[in-house]
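What you see below is based on every heavy atom in this structure, not just the backbone, and it leaves out hydrogens, waters and symmetry mates.
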Amino acid sequence: MSRPLLERMQRFVEFINSGDESLGKAVVSESAQFHVPFSPEPLKGLSGYMQILDMMRSAFPDVQWTLDDTVIEDERVVAQFTLRGSHNGEFFGVPASGKPIQARAINMYRFKYGKIVEETGLPDIFGIMLQIGAVKPPGAP
């Protein structure tokens with residue numbers, strides 16, 4: 001396992017849990033591309049990632065990510081996260097429900113010179129939508 005990349009991922013988690021842009025500058029390349037399910041074009045650089053964090057924090061102000069597992073090969077990392085928070089703001093048009101959420105995300109990262117240059121984020125948005133009552137499970141009244 002690549003200890004330096006694992007340490008970089010742990011710093012990245014500190015950044016996303018705190019929203020501290022100075023931590024973000026240490027781990028995110030200004031040329032980074034972030035592929036997200038809600039935008040046809042990748043978001044770019046630290047400002048692009050801050051858009052992701054702002055969107056999540058506006059819906060789940062207390063959201064926190066836990067890094068559960070990683071697979072590291074060369075300059076690539078596949079990371080499994082659990083995110084937890086409370087739905088206290090609008091999320092994709094769904095008004096705040098106050099409900100707690102817990103969901104998984106499996107993201108793929110590419111690093112260069114110790115910084116993230118690309119992320120493909122695969123959060124379980126469907127699971128979140130079920131938990132906040134935006135969609136009903138099959139067979140539910």
**Prompt:** Can any side-chain N or O of Asp20 pair as donor or acceptor with the backbone N or O of Ser22 at less than 3.5 Å?
**Reply:** yes
**Complete:** Output for pair (Leu23 CG, Asn17 CG), nearest 0.5 Å, gives 10.5 Å
**Asked** In Å and rounded to the nearest 0.5 Å, what is the NE2 to CD1 distance from His87 to Ile128?
**Response** 9.5 Å
**Request:** Using the side chain to side chain contact (heavy atoms under 4.5 Å, CB included) rule, take Gln131 and Lys99 through it: C-alpha gap first, then chi angles, then the decisive distance, then the call.
**Result:** CA-CA 7 Å; Gln131 293 174 58; Lys99 294 179 179 180; over 6 Å; no
**Item:** Least distance between heavy atoms, Ala105 atom then Pro123 atom
**Value:** CB-CA, 3.8 Å
**Closest non-hydrogen atom pair, Phe126 against Val135** = CE1-CG2, 4.0 Å
**Under the ring-ring contact (aromatic ring centres under 6.0 Å, His included) test, residues paired with Tyr109 that sit two or more places apart** = Phe12
**Request:** Measure the spacing between NE2 of His35 and CG of Asn107 and express it to the nearest 0.5 Å.
**Result:** 12.0 Å
**Message:** Could you tell me if the side chain of Thr120 sits less than 4.5 Å from the side chain of Phe34, heavy atoms only?
**Reply:** no
Below 3.5 Å, can you tabulate the donor-acceptor pairs from side chains in residues 39-51 to any protein atom, sequence neighbours excluded?
unit_1	atom_1	unit_2	atom_2	d
Ser39	OG	Glu41	N	3.4
Ser39	OG	Glu41	O	2.7

**Request:** Answer yes or no: is there an ion pair linking Glu14 with Arg11, defined by an N-O contact shorter than 4.0 Å?
**Result:** yes
**Message:** So which atom in Ile125 and which in Phe92 form the shortest heavy-atom distance, rounded to 0.1 Å?
**Reply:** CD1-CE1, 4.0 Å
**Asked** Closest heavy-atom contact between Ile16 and Arg57?
**Response** O-NH2, 2.6 Å
**Prompt:** Can you tell me how far CG of Leu5 sits from CG of Asp74, rounded to the nearest 0.5 angstrom?
**Reply:** 9.5 Å
**Message:** Tell me if a side-chain donor or acceptor on Asp68 pairs with a main-chain N or O of Thr82 at a distance below 3.5 Å.
**Reply:** yes
**Message:** I'd like to check Met9 versus Phe111 (side-chain heavy atoms, cut-off strictly below 4.5 Å). Are they in contact?
**Reply:** yes
**Asked** Counting only heavy atoms not in Arg84, do more than 12 fall under 6.0 Å of its CZ?
**Response** yes
**Asked** Is any side-chain N of the basic residue among Arg3 and Glu7 closer than 4.0 Å to the acidic one's carboxylate O?
**Response** yes
**Request:** Rounded to the nearest 0.5 Å, what's the gap from CG on Asp62 to CD1 on Ile101? Could you check?
**Result:** 8.5 Å
**Prompt:** Ignoring hydrogens and geometry, is there a side-chain-to-backbone donor-acceptor pair from Arg8 to Gly114 under 3.5 Å?
**Reply:** yes
**Shortest non-hydrogen contact from Pro61 toward Ser86** = CD-O, 3.7 Å
**Prompt:** salt bridge (Lys or Arg N to Asp or Glu O under 4.0 Å): which pairs involve residues 111-126, sequence neighbours left out?
**Reply:** Arg110-Glu118
**Prompt:** From Glu21 CD over to Leu53 CG, what is the distance, rounded to the nearest 0.5 angstrom?
**Reply:** 9.0 Å
**Asked** Are the side chain of Thr70 and the backbone N or O of Ile72 linked by a donor-acceptor pair below 3.5 Å?
**Response** no
